[in-house]
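Values reported hereafter were calculated over all heavy atoms of this structure, with side chains retained and with hydrogens, waters and symmetry mates removed. Remember, it's a predicted structure, so these values are computed and weren't measured experimentally. By convention here, the first residue in the shown sequence is residue 1.
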Amino acid sequence: MRSGRDYDGTKLLSPSELASMMRRSTQFAVRVVAPPPPEAEIEAATGLRKRLMRWYGAAAGKRAFRNVFLAIGPFFQLIGVRKATAR
């Protein structure tokens, strides 16, 4: 919006949509993770924000929170590993 560009043809993809697209289009085994916040950002934060970032970082690695964090979390990573091919 700030640049004045038209974004009518732009679609934001969910983590699962992006992972599905990569699986269909590449030879990678794809895994989606909710990584912890970078330590430098946590250290730069103060007060409640810092405590929440620490909690998020600790919880991000727990399987029970995975789907929740991927649905509402601030960021995610797709990790692609090339599949072994039979010769």
Heavy atoms of Ala45 and Lys50 approach each other most closely as O-CD, 3.4 Å

Near Leu13 CG, under 6.0 Å, is it more than 12 heavy atoms from other residues, nucleotides or ligands?
yes

- prompt: Going by the angle between their ring planes, with limits at 30° and 60°, are Tyr56 and Phe69 parallel, tilted or perpendicular?
  reply: parallel

Note: Ile42 and Pro37 closest approach over all heavy atoms is CD1-O, 3.8 Å

Heavy atoms of Lys62 and Ala58 approach each other most closely as CG-O, 3.7 Å

On a heavy-atom basis, the closest approach of Val32 and Ala19 is CG2-CB, 3.6 Å

Short question: side chain of Glu41, backbone of Pro38 - any donor-acceptor pair under 3.5 Å?
no

Heavy-atom closest pair (Ala34 atom, Ala60 atom, distance to 0.1 Å) is O-CB, 3.3 Å

* To do: Taking atom CZ of Arg49 as the centre, report whether more than 12 heavy atoms of other residues, nucleotides or ligands fall under 6.0 Å from it.
  => no

Interatomic distance, CE@Met22 vs CZ@Arg31, rounded to 0.5 Å, equals 12.5 Å

Output for pair (Thr46 OG1, Arg51 CZ), nearest 0.5 Å, gives 9.5 Å

| request: Kindly indicate whether the side chain of Leu78, heavy atoms from C-beta on, has any atom under 4.5 Å from the side chain of Phe28. | output: no

Smallest heavy-atom separation, Phe76 atom then Pro35 atom, equals CA-CD, 3.8 Å

